[in-house]
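Take a look at the structure below.
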Amino acid sequence: MKALTSQQFNEAIGQFKDVLFDNLQCMIRFKAVAASVKQVNEENYLFGCIAVEDEVRLEFTISYDEFYQVPVFCFRIYVNDRLNFDVVELDTSLKELSHLAMNKIVDISIIDHHLLHQPWFQIHPCETSQSLHTHMSSQDSTTKDCNYNPFVTYLTCWFGLYGLPAIFPQFSIRPVVYS
């Protein structure tokens, strides 16, 4: 599979939501508070909200970036119901309250969300396409006879590399085979 188009993303995001929330794991106690597919200007996106312990809430979106032609992961963190964009302060608070540790080698920027027009953190998508091409090429040869939805497989691979586990390594997605 070469790349995911916007149309393929829109068609697969609902099934991916189910795969994600059925298979999301963490070394720390968490609870999914919200998981829904929403639409803005005919573009679908997934909105998710996870509570970690009682003091931390992670909101995130998964949407499609037309320029880079890849999914993008945006997130916001609330500590004690307070939204904070200071990465150093957040990292300290998260470690103290929930034992979450942010991965500091990931390129995180504060952006104006391309669909919601509010400030969010985002993992920059500039090398996503090439990384996914490499991962999916090796997977294509091992799963060519399987009935997996290739777009959900693509999103699952992408999420493991550029989603929540990229920011917080305590999270992982270990999907069961979906067809």
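Please read these numbers as outputs of a predicted model, since none were measured by experiment.
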Would you mind reporting whether [Y] and [X] have side-chain heavy atoms less than 4.5 Å apart?
| X | Y | answer |
| --- | --- | --- |
| M102 | I108 | yes |
| F60 | F47 | no |
| I50 | R57 | no |
| F73 | F159 | yes |
| V106 | F121 | no |
| S6 | E66 | yes |
| L4 | V70 | no |
| F85 | P119 | yes |

Parallel, tilted or perpendicular: which describes the rings of F9 and Y64, with under 30° parallel and over 60° perpendicular?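 Correct class here is tilted.
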- Query: Salt-bridged, K38 to E43, with N to O below 4.0 Å?
  - Reply: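 Looking at E43 together with K38, the answer is no, because their closest N to O distance does not fall below 4.0 Å.
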When rounded to the nearest 0.5 angstrom, what distance separates [atom1] in [X] from [atom2] in [Y]?
| X | Y | atom1 | atom2 | value |
| --- | --- | --- | --- | --- |
| L20 | I62 | CG | CD1 | 5.5 Å |
| I77 | L94 | CD1 | CG | 5.0 Å |
| T5 | F151 | OG1 | CZ | 6.5 Å |
| H99 | I28 | NE2 | CD1 | 7.5 Å |
| R29 | S98 | CZ | OG | 10.5 Å |
| S109 | Q122 | OG | CD | 7.0 Å |

State yes or no: do [X] and [Y] share one hydrophobic cluster built from I, L, V, M, F, W and Y residues joined by side-chain heavy-atom distances below 4.5 Å, directly or via other members?
| X | Y | result |
| --- | --- | --- |
| I111 | V40 | no |
| L58 | F16 | yes |
| V33 | L97 | no |
| I13 | F21 | yes |
| I123 | I173 | yes |

Say whether, by atom type as modelled, one donor and one acceptor occur between the side chain of [X] and the main chain of [Y] under 3.5 angstrom.
| X | Y | answer |
| --- | --- | --- |
| D91 | V87 | no |
| D65 | F67 | yes |
| D112 | Q118 | yes |

State, to 0.1 Å, how close [X] and [Y] come at their nearest heavy-atom pair, and which atoms those are.
| X | Y | answer |
| --- | --- | --- |
| L115 | S63 | CD1-CB, 3.8 Å |
| Q8 | A3 | OE1-O, 3.6 Å |
| S172 | P165 | CA-CG, 4.0 Å |

**Request:** For this output row, return yes or no: ring centroids of F171 and F30 closer than 6.0 angstrom.
**Result:**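 F171 vs F30: aromatic centres under 6.0 Å.
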Stepwise side-chain contact (heavy atoms from CB on, under 4.5 Å) check, W120 with T61 = CA-CA 9 Å; W120 289 72; T61 67; 3.8 Å; yes
Is it the case that more than 12 heavy atoms not belonging to Q39 sit under 6.0 Å from its CD atom?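 Yes - once you tally the heavy atoms of other residues, nucleotides and ligands closer than 6.0 Å, there are more than 12.
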**Prompt:** Rest of the hydrophobic cluster containing V88 (Ile/Leu/Val/Met/Phe/Trp/Tyr, side-chain heavy atoms under 4.5 Å)?
**Reply:**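 Joined to V88, directly or through intermediates: none.
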Using links of under 4.5 Å between side-chain heavy atoms of ILVMFWY residues, direct or through other members, which residues join V72 in one cluster?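 The other cluster members (ILVMFWY side chains, heavy atoms under 4.5 Å, direct or chained): none.
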message = Apply side chain to side chain donor-acceptor pair (under 3.5 Å) to residues N149 and Q15 and explain how you reach the verdict.
response = CA-CA 9 Å; N149 178 331; Q15 186 180 4; 3.0 Å; yes
_Ignoring hydrogens and geometry beyond distance, is a side-chain donor-acceptor pair present between N84 and E89 at under 3.5 Å?_
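Per modelled atom types, N84 and E89 side chains form a pair under 3.5 Å.
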Next item on the list: Kindly indicate, with the supporting measurements, whether the criterion side-chain contact (heavy atoms from CB on, under 4.5 Å) is fulfilled by I167 and F75.
Entry: CA-CA 10 Å; I167 312 283; F75 67 99; 3.4 Å; yes
